[in-house]
Structures are given as C-alpha cells and as structure tokens.
Amino acid sequence: MELTKNLWLILFIAWGLPLGYYRSKFRKLVYQTDSWMINIKPVFCLEIKGLFGNLYPENKKYSKFRNFYLFYLLVYIVLFIIYFNIDTMKVVEGSKVPAFELKNQYGELFSLDSVVGKKNLVIYFYPKDDSPGCTKEACSFRDQFAVFADADAMIIGISAQSVESHLAFAKKHRLNYLLLSDTGNKVRKLFGVPSNLFGLIPGRVTYIVNKKGEVVYLFNSQMDAEKHVDEAVRILQTMK
C-alpha cells in the first residue's frame, strides 16, 4: 500500500509540471504581461474570471492556454483527492498490535506491553480533545465503562494533544480511562491511522485487541463518533 501511495505521489508531482507551465502562460495572457513575476504575485480574481469565463473571445492563444490549464487543473485536483484518500493502514485485522510507550493524562509513562496478554484492549485514536465529535465519543466510552470492564477490556484513547490538555479534558467530562498523549503522532503513524479531508483532520479509528495481542477488529469512521463505542461493545461480546 505504501508503494501505491508513493507511485501516486510521483504522478501527482509529475502532473504538476505541465500544470505549472500552462498556468504561467495563461496568467501572462490574462494579466497582459511578459514578466515571470506574475506567477508569484498574490492576484487571482482576474485569473479565475479568465479560467471560467471568456475574457478575450477573439484571442485564440488565450482560448488554447485556458483549455489546457483547465484540463490539467481538473486532473490535478482528482489526483490530489485520490492521493489523500489512499488507505495507508499498517495495522489491520490479524496484525499483532505494535508495542509503544506514551504518557497518560497524569504524566505517567504507559507501556502497552504492560497490559498485552492480560486484558482485551480497545485502542481508539481521535482527532482532538474537547471537539464536539470527540467529546461525544469519549463520554460514550465513559458511560459504557462497566460493559467494557465486564468484558475484561481496557479503554485507551490516543490523540496528539498534550498531557495537560488530556487531563483537563478528562476532568471536565469525568473520563474514567486512560488518555495517551501522542504529541509527535509517532504512534498514529506506527498504526498507519489515515487522515481525512485531504490530510487536514486526523483520522478516527478504533482497534479491538484480544489477549493474544492480535487486532481482531477495527472501525474507521470520522463522522459516526459514537458508533465506535457500539462496535467495540458488539465485538467484545462475541469474544466472551
């Protein structure tokens, strides 16, 4: 999967070369200048009007470069969308859960190896403390804590915010489980948790790990935050 993404990245960059060429030619025509400086000037209104309108209907050169620029731009956008939506997950169902160490909301170092083999694990990655979706998800895990305890499962939430942010989040919503601070996104990258919205929003993924340290199920959904809890409960009940 990494090879596929790298190939798409090469194609993405390569396609950008002719796009840049035709955009430069087009901007010079639209702004009626021969200076290369027009390519770096932060002026766009006339360019957009010229791209989607017809500023110089009698100018065949303008029409030619507008059409080439528009074609390469549209394909570039499609490549951009595909590239940032390629599934790069490294940890999948059947994988052994990778070992890691992170600080919890109390500043204490937590090692996953200390619990692997002793408990079932619900490891959920979420985008950000105290955001609406993440708060709903976190509180739903809190409310179902007894159900998870009955399944001998430990809940572990992971995001990139600081220890202090996690502690404030946990206190505010009375969260009764571990929140781990992955400030450099090292563990997120270790698992290969994908991002959303062209890489702008960290992904929301939950992993269910059995007492053998095997990932038996994962649920990936940015929008259905509370469904992560429902899916975790459902899978754990089948493991009893």
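By convention here, the first residue in the shown sequence is residue 1. Keep in mind it's a predicted model, so treat the numbers as computed, not measured.
- S165 and D129 get closest at one heavy-atom pair: OG-OD2, 2.6 Å.
- N210 places a side-chain N or O within 3.5 Å of a backbone atom of G213 that can act as its donor or acceptor partner.
- P202 and P127 make their closest contact through O-CG, 3.3 Å (heavy atoms, listed as atom of the first residue, atom of the second, distance).
- Taken to the nearest 0.5 Å, the NZ atom of K103 stands 11.5 Å off from the CD atom of E101.
- Looking only at side-chain heavy atoms (C-beta outward), E214 and V209 stay at 4.5 Å or farther from each other.
- The ring pair (Phe, Tyr, Trp, His ring centres under 6.0 Å) test applied to F169 returns H173, not counting sequence neighbours.
- Annotation: side-chain hydrogen bond (donor to acceptor under 3.5 Å, both in side chains) contacts of N104 (sequence neighbours excluded): E108.
- Put simply, the side chain of V215 does not reach to within 4.5 Å of the side chain of V92, judged on heavy atoms.
- Cluster membership check: V205 shares its hydrophobic cluster with F191, using side-chain heavy-atom separations under 4.5 Å among Ile, Leu, Val, Met, Phe, Trp and Tyr.
- For D152, the salt bridge (Lys or Arg N to Asp or Glu O under 4.0 Å) test picks out K119, K211, with sequence neighbours left out.
- Note: the hydrophobic cluster containing L180 does not contain I155 (ILVMFWY, side chain heavy atoms under 4.5 Å, direct or indirect links).
- Side-chain contact between C134 and R204 is present, with at least one heavy-atom pair separated by less than 4.5 Å.
- With sequence neighbours excluded, no residue forms a salt bridge (Lys or Arg N to Asp or Glu O under 4.0 Å) with R66.
- The side-chain hydrogen bond (donor to acceptor under 3.5 Å, both in side chains) test applied to Q161 returns S159, not counting sequence neighbours.
- Closest approach of A99 and D113 over heavy atoms only: CB-OD1, 3.5 Å.
- Legend: residues meeting salt bridge (Lys or Arg N to Asp or Glu O under 4.0 Å) with K128, ordered by chain and number and at least two apart, are absent.
- Note: W15 and Y72 have tilted aromatic rings, judged against thresholds of 30 and 60 degrees for the angle between ring planes.
- From S140, atom OG reaches atom CZ of R142 across 9.0 Å, with rounding to the nearest 0.5 Å.
- Among all heavy-atom pairs drawn from S24 and N39, the shortest one is OG-ND2, 3.0 Å.
- In this structure a side-chain-to-backbone donor-acceptor pair under 3.5 Å is missing from D224 to K227.
- Partners of S63 by side-chain hydrogen bond (donor to acceptor under 3.5 Å, both in side chains), not counting sequence neighbours: none found.
- With hydrogens and angles disregarded, a donor-acceptor distance shorter than 3.5 Å links the side chain of K96 to the backbone of K212.
- Put simply, NZ on K171 and CD on Q105 are 10.0 Å apart, with the number rounded to the nearest 0.5 Å.
- The backbone N or O of R188 sits less than 3.5 Å from a side-chain atom of D182, completing a donor-acceptor pair.
- In this structure, L178 and M154 have side chains that are in contact, with non-hydrogen atoms separated by less than 4.5 Å.
- Between I156 and V122 the shortest side-chain heavy-atom distance does not fall below 4.5 Å.
- Taking 4.5 Å as the limit, some side-chain heavy atom of V193 sits within range of a side-chain heavy atom of Y207.
- Tracing side-chain contacts under 4.5 Å through hydrophobic residues (I, L, V, M, F, W, Y), one reaches F44 starting from L74; they form part of the same cluster.
- Looking at I201 and S195, their side chains never come closer than 4.5 Å, going by heavy atoms from C-beta outward.
- Partners of F141 according to the ring pair (Phe, Tyr, Trp, His ring centres under 6.0 Å) rule, which considers only residues two or more places apart in sequence or in another chain, are Y124, F148.
- Residues meeting the side chain to side chain contact (heavy atoms under 4.5 Å, CB included) test with L73, sequence neighbours left out: L19, L51, Y69, I77.
- Expressed to the nearest 0.5 Å, how far OH of Y22 lies from CG of L70 amounts to 13.5 Å.
- Distance check, rounded to the nearest 0.5 Å: CG of L112 to CD1 of I158 gives 8.0 Å.
- Residues satisfying the ring pair (Phe, Tyr, Trp, His ring centres under 6.0 Å) criterion with H228, sequence neighbours excluded, are F219.
- Judged by distance alone, with hydrogens and angles left aside, the side-chain atoms of N120 form a donor-acceptor pair with the main-chain N or O of A151 at under 3.5 Å.
- Between Y62 and N59, the shortest heavy-atom distance links the atoms N-OD1, 3.0 Å.
- Cluster membership check: V229 does not share its hydrophobic cluster with L121, using side-chain heavy-atom separations under 4.5 Å among Ile, Leu, Val, Met, Phe, Trp and Tyr.
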Under 3.5 Å, which donor-acceptor pairs link side chains of residues 31-38 to any protein atom two or more places apart or in another chain?
| from | atom 1 | to | atom 2 | distance (Å) |
| --- | --- | --- | --- | --- |
| Y31 | OH | V43 | O | 3.3 |
| Y31 | OH | E47 | N | 3.2 |
| Q32 | NE2 | Y56 | OH | 3.4 |
| T33 | OG1 | S35 | N | 3.1 |
| S35 | OG | M37 | N | 3.1 |

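- For I235, the side chain to side chain contact (heavy atoms under 4.5 Å, CB included) test picks out I208, V216, Y217, T238, M239, with sequence neighbours left out.
- When atom types are taken as modelled, the side chain of E226 and the backbone of E137 share no donor-acceptor pair closer than 3.5 angstrom.
- Considering all non-hydrogen atoms of both residues, S181 and L102 come closest at O-CD2, 3.4 Å.
- One hydrophobic cluster, built from ILVMFWY side chains closer than 4.5 Å, cannot hold both L218 and V233; they sit in different ones.
- Between F145 and Y177, the distance separating the two ring centers is not shorter than 6.0 angstrom.
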